[in-house]
Number of protein chains: 2
Amino acid sequence: MQVNTAKKTRIRQENLSIILGKAEQIFAEFGFKGATMQAIADAADLPKANLHYYFPTKLALYRQVIERIFTIWLEAADSFDTSATPQEALTRYIRKKMEISRAHPYGSKVWANEVIQGAPIIQDYLQTTLNEWTDTRIAVINRWIEQGLIDPIDPRHLLYMIWATTQHYADFSHQIATLNDNRPLDDAQWQRATRNVTDVILKGIGA
Amino acid sequence: MQVNTAKKTRIRQENLSIILGKAEQIFAEFGFKGATMQAIADAADLPKANLHYYFPTKLALYRQVIERIFTIWLEAADSFDTSATPQEALTRYIRKKMEISRAHPYGSKVWANEVIQGAPIIQDYLQTTLNEWTDTRIAVINRWIEQGLIDPIDPRHLLYMIWATTQHYADFSHQIATLNDNRPLDDAQWQRATRNVTDVILKGIGA
DNA sequence: CAAATTCTTGACTAGTTGGTCAGCTATGCT
DNA sequence: AGCATAGCTGACCAACTAGTCAAGAATTTG
């Protein structure tokens with residue numbers, strides 16, 4: 001049975017992967033409504049009807065794209081180690097978020113687009129998983145404050161600042177490139193950006 | 001002639017204003033492609049054909065919306081007083097940007113959407129006006145660094161951080177509200193947010 | 001090899017949407 | 001009042017697009 005399934009799904013796995021990747025790109029570039037199944041099909045080099053064989057509707061495809069992004073987000077969330085010092089936890093978390101912004105800019109853009117438009121699809125994720133995760137980190141930050149390890153800042157605004165700044169490098173990459181002689185940031189520039197962001201935030205909260 | 005024009009355009013002025021306002025809202029909520037002329041017409045309580053009387057095409061309407069937003073952005077830009085101290089200039093600029101995020105969330109969202117999608121419409125604004133403005137402020141920040149008024153940080157990343165953080169409160173207002181018991185931030189919370197952002201950034205750059 | 005299952009695809013449909021237009025009404029001026 | 005200009009609008013169309021489907025090709029299994 002397992003062997004059977006594995007063999008069955010070889011082609012399937014490949015096509016799913018290609019379609020999801022291209023869909024992410026097209027959704028990021030044109031928004032949900034602006035992205036057409038035909039455009040995604042062309043990008044994936046498949047006939048449109050084939051897309052509907054794997055994903056019954058455009059919305060279903062979009063949901064899968066969003067879920068993949070959310071998984072990556074959770075991966076970064078874990079790097080906010082609640083048992084570490086403020087310096088360690090935040091440095092690692094910021095670095096991870098910057099790495100994700102660089103590795104998955106399209107995913108970040110789709111997510112941003114979705115939230116900007118009122119999160120019609122991912123509302124439940126925000127209300128449950130994100131809300132819970134945020135509460136635990138707020139508790140940790142408050143403990144740091146009580147212990148005098150950082151300044152008494154509102155933990156929520158610290159988190160918003162980290163999210164905003166790190167995701168900005170993905171979501172606004174076009175603007176950043178335009179102000180960088182129309183070139184995307186190179187390795188050294190990404191490193192410098194990460195260091196700058198980390199330094200300012202850590203120093204800014206007195207860590 | 002002038003009197004004539006003024007009288008002529010009374011109705012026109014009113015309708016233009018209503019349409020642009022509603023269009024901003026609909027574009028923010030559904031993106032360019034997702035926003036329909038019919039939806040904008042309904043929101044403005046006008047027949048669709050009437051929209052096309054004032055704006056020949058959807059793209060023309062969108063351009064006007066974007067231009068209005070850009071004007072507001074320029075207004076904020078001026079508050080970055082190049083002759084003031086770092087503390088004064090940045091405090092005023094951040095406060096202004098936070099005020100705009102609160103007063104014009106839809107405009108900010110349209111702008112964000114546009115940039116995320118590669119700025120197909122506003123590319124020229126980025127290349128010219130924004131680029132020039134950025135260069136002058138970079139020069140100012142570098143002077144501050146030379147004079148030892150702030151830490152030697154990359155001026156670009158400081159600007160990106162300010163843009164990202166302040167605009168986050170507009171663009172991600174839905175997410176912020178969700179994490180705030182499903183309520184938008186109230187007056188006190190906006191003040192607190194502004195103070196937090198200002199404090200962390202100023203302290204973070206050693207100002 | 002033959003049967004069964006999975007995958008592929010061109011052609012089609014129903015619904016949506018930007019934009020048009022001809023004729024109408026309201027407004028303002030002399 | 002009468003004329004000219006500006007503003008309004010229902011009805012319509014062409015283009016586009018998500019989704020369907022039936023028939024065929026490829027792959028796997030026994």
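Nothing here was measured: the structure is a model prediction, and the numbers come from that model. Below, chain A is the first sequence line, B the second, and so on; all start at residue 1.
- Remark: P of dC16(D) and NZ of Lys58(A) are 15 Å apart, rounded to the nearest angstrom.
- Nearest to the side chain of Pro47(A), among dT27(D), dT9(C), dT9(D), sits dT9(C).
- Residues Tyr93(B) and Thr166(B) fail the side-chain proximity criterion, which asks for heavy atoms closer than 4.5 Å.
- In this structure, His52(B) atom NE2 and dT20(C) atom P are separated by 7 Å, rounded to whole Å.
- Atom C1' of nucleotide dT16(C) and atom CD of Gln38(A) are separated by 17 Å, given to the nearest angstrom.
- Using a 4.0 Å heavy-atom criterion, one finds that Ala35(B) contacts the sugar-phosphate atoms exclusively.
- Nucleotides of DNA chain D nearest to Met37(A) and Ala49(A) differ in position, and the one nearer the 5' end is that of Met37(A).
- Taking 4.0 angstrom as the limit, Lys33(A) places none of its side-chain polar atoms (N or O) nearer than this to OP1 or OP2 of dT17(D).
- Atom C1' of nucleotide dG7(D) and atom CD1 of Ile18(B) are separated by 14 Å, given to the nearest angstrom.
- Between Asp187(A) and Arg102(A) a salt bridge is recorded (basic side-chain N to carboxylate O distance below 4.0 Å).
- Donor-acceptor pairing under 3.5 Å, judged by distance alone, is present between the side chain of Lys48(A) and the base of dG19(D).
- Leu16(A) contributes atom CG, which lies 7.5 Å from atom CD of Gln64(A) (distance to the nearest 0.5 angstrom).
- Checking the phosphate oxygens (OP1, OP2) of dA6(D), no side-chain nitrogen or oxygen of Asn15(B) falls inside 4.0 Å.
- Taking side-chain N and O atoms only, Tyr54(B) has no distance below 4.0 Å to OP1 or OP2 of dA6(D).
- Residue Arg12(A) places no side-chain N or O under 4.0 Å from the OP1 or OP2 atom of dT6(C).
- Rounding to whole angstrom units, CD1 of residue Ile11(B) and C1' of dT25(C) are separated by 11 Å.
- Atom CD1 of Ile40(B) and atom C1' of dG19(C) are 14 Å apart (whole Å).
- We find that CD of Glu14(A) is positioned 15 Å from C1' of dT6(C), with the value rounded to whole Å.
- What separates CZ of Phe55(A) from P of dC7(C) is a distance of 12 Å, to the nearest Å.
- For Asn50(B), whose side chain is taken as the heavy atoms from C-beta onward, the closest listed nucleotide among dT9(D), dG19(C), dT17(C) is dT9(D).
- With DNA chain C read from its 5' end, the first of the two nearest nucleotides for Thr57(B) and Tyr53(A) is the one closest to Tyr53(A).
- A donor-acceptor pair under 3.5 Å is absent between the side-chain atoms of Ser108(B) and the main chain of His104(B), judged by distance alone.
- More than 12 heavy atoms of other residues, nucleotides or ligands shown are found within 6.0 angstrom of CG on Asn182(B).
- In this model, the phosphate group of dT6(C) is not approached by any side-chain N or O of Arg10(A) to a distance below 4.0 Å at OP1 or OP2.
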